[in-house]
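Proteins come first, then strands; the chains are lettered A, B, ... in the order of their sequence lines, and each starts at number 1.
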Amino acid sequence: MRWSRAFIPTLKEAPSEAIAPSHQLLVRGGFIRQVAAGIYEFLPLGLKVLKKIENIVREEMNKAGAQEVLLTVLNPRELWEETGRWELYGDELFKLQDRHGRDFCLGPTHEEEITDLVRKEVKSYKDLPLILYQIQTKFRDEKRPRFGLIRAREFLMKDAYSFDTDYKGAEEAYNLMGETYERIFSRIGLKYLRVLADTGQIGGKKSEEFVALTPYGEAKVAHCEKCGYAANAEIVPVQKPTPEGEEEKPLQKVHTPNVRTIEELAKFLNVPPRKILKSLLYIVEGKPVLVLIRGDREVDENKLERVLGTDNFRLATDEEIKEILGTERGFVGPINLPEGKVERILWDNSLYGVKNLVVAANEPHYHYINANPGRDFEYGEFYDLAEVQEGDPCPECGAPLRLSRGLEIGHIFLLGTRYSEPMQAYFVDRDGKEKPIVMGCYGIGVSRLMSAIVEQSYDENGIIWPINVAPFELEILPLNVTDEKQMEVAEKLYKEALNRGIDVIIDDRDERAGFKFKDADLIGIPVRIVVGRKVKDGLVEIQIRKTGERFDVPIEEALDKFEELKKELQKA
RNA sequence: CGGGGCGUAGCUCAGGUGGCAGAGCGCUGGCAUCGGGAGCCAGAGGUCGCGGGUUCAAGUCCCGCCGCCCCGACCA
């Protein structure tokens, strides 16, 4: 490619709406452009990277024996009615009608369609096992699209589905996909964690996420350096503490004017937050539910959802607190509750066995000190509702857990018969009996990967692409295009690089050197050969984007040296 | 969906109290220059998000709508 003819609209400044580094750099580097919230165009450079990622995914999937198909974007409503997801998927489903008024959706995922295909064609155990996959654009009307490609409403996904005669086979497929994912993410050059996860809306028996470690990620993961345990924070159990042996002191009511938050209270009464009982009033399916937790802990609403069995809940508003409990925010507690007003009281494990607590009095501007559950008010049902914290004991070995933020780039599910049963995807087994196919499903966010890579690999000058996914492997940069000798050498190197099959770009624009260096850094080409004054001594300079290293080599050795460097960069 | 912010040139932004539409960068032409977005001269470029209202007069004040971004809950 000749830069003078290329469509690479780079920007000196980041657009104001971009916050995440990957979003800013992908826009500035001319990889993507936004059309609407969460909807992006891929420009030539962006598409090149996307295709390289896609091909790595494809190669590894094929190696694992999976077969590529291409399903449809437009899905008829009937298919989604069969699994109940036309309703369950909710507003995230993009719905539309054809000219006859028939309902369709734009596929957000393809369990329904693939199961439909397989149930029609697979009749016997002889047709199994089978793994099918596709790389296709998905549509989800996300509540909040964010951070460029990180959470988009239209995005490229690789989705795979496995079909087996029994759980043993399904588990083998699941494990095979897990290993395949590890190979894919390693080849792409990502630092990631494989963690246990919630099966969530998709359903099923078991699932793991692959999380790219980056501070801009949306997922919180906990991992144990001692035993290797790793899980999405929302499923990490937090154990009950050992009961305190402290002696119970007499209950005392104290005036706490306008002291509402845990921090204010801790300061005002000079007690540590862990000695404060925090009470949160939730409205669950329209009914008030009180959640109690230790002052130094936060409620994990994913855990709460599992305990409540519904996602239809939210914190009560100030008005609701007044109306239901007759008190104000900050002064809600389990003591002196008005009779029959609260549907249910849930205790977090963190409060187990704690003594002499600070508890709000359910009366504005008053708290109790030295309140003791069991003596001053009743214990209730205990549950694990707390967010895991850095240093909490590992559920496997007890060593302190570490917390990191990350970006979910892949997710594998052992589905079982969640889809095959309702959709009646049966096969006839060796024993002549009809049985439901046992399924698994496996997703990779292909376009999201592009952002994940950038999040893990950039500096103040721009992107640093791993060589396997870089838009070009090599840039040849003649400093002065009006210098005949320089151009002659640059052109010669360019043509020979093309002959050798190197993915190369030559910056043949009549621009100042600094300008061209800035652009090259921004778009992140891993290696460049600078052709400058030293050509008259038979030398060119090689520069490595990642390390900033630069050194002279004889012109005729430059491309050999590049190929050597490429191998090293692929290993790193 | 709850809370907050922002919409003015291609980009980043400035435009007290209502009174001629602005800057830097980019773009076009010219000059100069050629190892880190340097400089000089000249020029083009606007439905001030959209609709209504108040006013002699609205980018500015009021009402409604739309769009985009951020925090929270959900997902690859």
Side-chain angles (χ1 to χ4, degrees), chain A residues 9-20 23 27-28 33-39 57 89-92 108-109 135-160 181 197-198 200-202 207 209-212 217-219 232 234 283 298-302 304-305 311-317 406-413 441-452 461-462 477-483 486 509-522 528 530-534 541 543 548 550:
Chain A
T10 58
L11 264 30
K12 204 165 178 177
E13 284 171 289
S16 55
E17 71 267 12
I19 303 294
H23 187 191
V27 173
R28 279 191 58 206
R33 285 293 184 266
Q34 186 182 54
V35 173
I39 301 177
V57 172
Y89 220 95
D91 292 335
E92 237 161 78
T109 176
I135 296 171
Q136 193 206 44
T137 303
K138 298 283 190 271
F139 297 85
R140 294 183 189 173
D141 197 357
E142 293 282 349
K143 285 166 206 149
R144 182 146 99 88
R146 235 205 308 197
F147 300 148
L149 263 28
I150 287 178
R151 191 191 325 181
R153 293 194 293 174
E154 175 178 332
F155 61 97
L156 194 66
M157 181 175 172
K158 190 277 323 175
D159 48 322
Y181 276 29
D198 190 10
Q201 315 286 33
I202 302 245
S207 94
E209 287 169 354
F210 291 80
V211 176
E218 302 175 293
N232 191 308
E234 68 196 35
I283 305 296
E298 301 296 330
V299 170
D300 186 321
E301 293 197 344
N302 293 293
L304 184 57
E305 179 181 334
D311 65 351
N312 181 7
F313 63 85
R314 58 177 173 80
L315 277 170
T317 62
L407 195 54
E408 184 183 348
I409 49 176
H411 203 156
I412 58 179
F413 295 86
C441 74
Y442 318 94
I444 290 180
V446 176
S447 47
R448 177 183 278 181
L449 272 179
M450 197 164 142
S451 284
N461 294 315
L477 195 159
L479 287 172
N480 184 357
V481 298
T482 58
D483 179 317
Q486 282 184 30
R509 295 174 298 174
D510 185 8
E511 294 286 355
R512 289 183 52 94
F515 184 93
K516 297 209 269 192
F517 283 135
K518 287 286 182 191
D519 260 351
D521 285 345
L522 178 61
R528 67 185 168 237
V530 177
V531 182
R533 290 196 183 99
K534 281 174 281 189
E541 184 176 286
Q543 300 184 353
R550 43 174 90 172

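Residue A/Pro15 places its side chain closer to B/U12 than to any other of B/A76, B/A38, B/U12. Out of B/C71, B/C68, B/G36, the shortest distance to the side chain of A/Ala36 is found at B/C68. Distance from the side chain of A/Lys534 is smallest for B/G35 among the nucleotides B/G35, B/G36, B/C74. The side chain of A/His411 lies closest to B/A76, out of B/A76, B/U33, B/A73. Of the candidates B/A76, B/A38, B/C70, B/C70 carries the atom nearest the A/Arg146 side chain, counting heavy atoms from C-beta on. For A/Ala37, whose side chain is taken as the heavy atoms from C-beta onward, the closest listed nucleotide among B/C11, B/G72, B/C69 is B/C69. Listed nucleotides: B/C34, B/A73, B/C69. Nearest to the side chain of A/Lys143: B/A73.
Nucleic acid contact class of A/Arg528 (heavy atoms, under 4.0 Å, all strands): base. Residue A/Ile19 is in sugar-phosphate contact alone, with no base atom involved, counting any heavy-atom pair closer than 4.0 Å across all strands shown. Residue-level contact check: A/Phe147 touches the backbone only, with heavy atoms under 4.0 Å from sugar-phosphate atoms and none from bases. A/Glu234 comes within 4.0 angstrom of nothing in the nucleic acid, heavy atoms only. Among the protein residues, A/Glu17 comes within range of the sugar-phosphate backbone only, with heavy atoms under 4.0 Å from sugar or phosphate atoms but none that close to a base.
A/Glu142 places its CD atom 9 Å from the P atom of B/C75, with the value rounded to the nearest Å. As rounded to whole Å, 13 Å separates atom C1' of B/C74 from atom CG of A/Asp300. Here B/C34 presents its P atom at 12 Å from CG of A/Asp510, a figure rounded to the nearest Å.
At a cut-off of 3.5 angstrom, counting only N and O atoms as typed in the model, there is a donor on one side and an acceptor on the other between the side-chain of A/Arg151 and the base of B/C74. Interface remark: the A/Glu541 side chain does form a donor-acceptor pair with the B/G35 base, using a distance-only criterion of under 3.5 Å. Between the base of B/G37 and the side chain of A/Asp519 there is a donor-acceptor pair shorter than 3.5 Å. The base of B/C75 is paired with the side chain of A/Arg448 by a donor and an acceptor separated by under 3.5 Å. Scanning atom types as modelled, one donor and one acceptor separated by under 3.5 angstrom connect the side chain of A/Arg550 and the base of B/G36.
Listed pair A/Ser16 / B/C13 meets the phosphate criterion, a side-chain N or O lying under 4.0 Å from OP1 or OP2.
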With pairs defined as Watson-Crick or G-U wobble and both distances under 3.5 angstrom, please note down RNA chain B as a dot-bracket string, | for pairing with another strand. (((((((..((((.....[..)))).(((((.......))))).....(((((..]....))))))))))))....
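No donor-acceptor pair closer than 3.5 Å links the side chain of A/Arg533 to the backbone N or O of A/Leu479.
Both geometric conditions, a ring-centre gap below 5.5 Å and a plane tilt below 30°, are not fulfilled together for A/Phe517 over the base of B/G35.
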